[in-house]
There are 2 protein chains.
Amino acid sequence: MNIGDVAERSGLPAKTIRYYEDIGLVKPLRSANGYRSFRNGDVHKLAFLGRARALGFSIEDCRNLLKLYEDDHRTSAEVKQIAEEHLGRIDRKIAELTEMRATLAHLVDACAGDHRPDCPILADLATTQEEIARANKSG
Amino acid sequence: MNIGDVAERSGLPAKTIRYYEDIGLVKPLRSANGYRSFRNGDVHKLAFLGRARALGFSIEDCRNLLKLYEDDHRTSAEVKQIAEEHLGRIDRKIAELTEMRATLAHLVDACAGDHRPDCPILADLATTQEEIARANKSG
DNA sequence: CCTTGACCTTCCAGTAAGTGGAACCCCTAT
DNA sequence: ATAGGGGTTCCACTTACTGGAAGGTCAAGG
């Protein structure tokens with residue numbers, strides 16, 4: 001199968017598939033004319049990668065997951081560990097974003113958004129840590 | 001003031017400060033010996049940048065916010081628009097991560113995490129869109 | 001006077017995961 | 001013969017830094 005068909009079936013852009021070959025995630029054969037020739041197993045692998053990437057796994061995680069997937073002697077504990085670590089990273093990221101969101105929403109709420117220059121958003125950004133520390137100490 | 005002091009006061013690594021000069025966010029003077037010489041205004045600007053970055057604003061957003069900050073004829077509407085767009089991006093990112101998290105948590109939960117090879121996580125990743133479509137059609 | 005150590009300088013390379021584009025080859029249909 | 005729609009390689013660019021090498025500057029101590 002040529003790369004265009006594989007792209008359609010796997011849902012990945014042809015560019016991405018070439019990139020995945022570059023970094024050794026898939027190893028398609030080559031036809032006489034130099035075109036990549038993908039077997040069903042390659043397409044399956046690429047779909048696997050697409051799904052793992054959609055769940056936010058890093059390429060390195062994907063590489064390891066793929067290795068486990070193809071290893072009959074794997075243990076589910078190994079897979080679960082990768083997934084749990086990733087879950088932890090997601091949770092930390094969500095927490096970080098949620099905190100940003102809260103601060104930002106508060107500031108946006110306080111901003112009139114009119115023609116005047118006064119702006120609590122800029123006022124907050126201009127507040128240095130020193131000033132915050134001073135305010136905390138005195139308040 | 002030398003870069004080390006500025007780094008300490010602004011909370012930004014010296015490397016980052018040099019990078020910010022590189023991309024034109026700050027323009028410190030130079031001493032006779034070639035060292036960067038920061039004025040109070042530069043330190044203030046860097047603290048502003050650090051705070052904006054901590055809220056997740058992109059460098060380009062920071063550039064624009066800084067411009068508005070220094071523009072007496074700004075309107076708070078301009079600032080608010082940047083902040084609202086950023087808030088939207090944060091919300092979309094949180095939604096994306098939350099969805100990933102739900103799927104992943106479900107899979108992790110279903111995985112025994114023992115010595116056996118059977119693993120619902122891998123099974124899910126190996127599920128192609130075709131198979132999902134087929135399952136949806138038949139189910 | 002020399003050295004040591006903590007500063008500072010520039011420049012180059014690498015990170016994650018692709019994406020865009022140029023220049024060029026291949027195959028089929030008209 | 002040529003037009004189109006594939007495919008190929010290679011290089012550059014993206015974000016926001018970070019690490020490291022090679023070397024200049026300065027104050028203190030022996």
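Any value given below was found using the heavy atoms of this structure, including those in side chains, with hydrogens, waters and symmetry copies removed. Computed from a predicted structure; not experimentally measured.
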Checklist entry - Which part of the nucleic acid, if any, lies within reach of A:Arg36 when heavy atoms closer than 4.0 Å are counted: base, sugar-phosphate only, or nothing? => result sugar-phosphate
Checklist entry - For B:Ile3, which contact category applies under a 4.0 Å heavy-atom criterion: base, sugar-phosphate, or nothing? => result sugar-phosphate
Checklist entry - Just by modelled atom types, is the B:Ile94 backbone N or O under 3.5 Å from a matching donor or acceptor in the B:Thr98 side chain? => result yes
Show every donor-acceptor pair shorter than 3.5 Å between a side-chain atom in residues 101-110 of chain A and any protein atom, with sequence neighbours excluded, or say none if there are none.
from	atom 1	to	atom 2	distance (Å)
A:Arg101	NH1	B:Asp91	OD1	2.6
A:Arg101	NH1	B:Asp91	OD2	2.7
A:Thr103	OG1	A:Glu99	O	3.2

Checklist outcome for this item: With a 4.0 Å cut-off (strictly under) to non-hydrogen atoms of chain A, the first and last hit nts on DNA chain C, 5' to 3', are C:dA17 to C:dC27
Checklist entry - Does a side-chain N-to-carboxylate-O contact under 4.0 Å join B:Asp42 and B:Lys45? => result no
Next on the checklist: Please check this pair: side chain of A:His73 against backbone of B:Pro117, looking for a donor-acceptor N/O pair closer than 3.5 Å.
Outcome noted: no
Checklist outcome for this item: Atom CZ of A:Arg18 and atom P of D:dT9 are separated, to the nearest Å, by 7 Å
Item to check | Whole angstrom value for the distance that separates P of D:dT25 from OH of B:Tyr35 | outcome: 8 Å
Next on the checklist: Quick check: do B:Ser37 and B:Ser31 have side-chain heavy atoms less than 4.5 Å from each other?
Outcome noted: yes
Next on the checklist: So B:Phe38 and B:Glu21, do their side chains get closer than 4.5 Å, heavy atoms only?
Outcome noted: no
Item to check | Annotated protein contacts, base or backbone, on nucleotides 11-22 of chain D with a non-hydrogen cut-off under 4.0 Å, one of B, S, - each | outcome: -----BBSBB--
Item to check | Test item: B:Arg74 side-chain N/O and B:Tyr69 main-chain N/O as donor-acceptor pair under 3.5 Å | outcome: yes
Checklist entry - How would you list, by chain and number, every residue that makes a side-chain hydrogen bond (donor to acceptor under 3.5 Å, both in side chains) with B:Glu8, sequence neighbours excluded? => result none
Item to check | Salt bridge present between B:Asp118 and B:Arg116 (N-O < 4.0 angstrom) | outcome: no
Item to check | Any donor-acceptor N/O pair, B:Ser76 side chain to A:Asp114 backbone, under 3.5 Å | outcome: yes
Next on the checklist: Does any part of the side chain of A:Leu49, heavy atoms only, come nearer than 4.5 Å to the side chain of A:Leu65, both counted from C-beta?
Outcome noted: no
Item to check | Terminal axes of the helix from C:dC1-D:dG30 to C:dT30-D:dA1 (five pairs each): angle between them, nearest 10 degrees | outcome: 40°
Item to check | B:Arg53 side chain vs B:Phe57 backbone, donor-acceptor pair below 3.5 Å | outcome: yes
Item to check | Residues within residues 92-102 of chain A bordering DNA chain C, heavy-atom distance below 4.0 Å | outcome: none
Checklist entry - Got a donor-acceptor contact below 3.5 angstrom from the A:Gln81 side chain to the A:Glu78 backbone? => result no
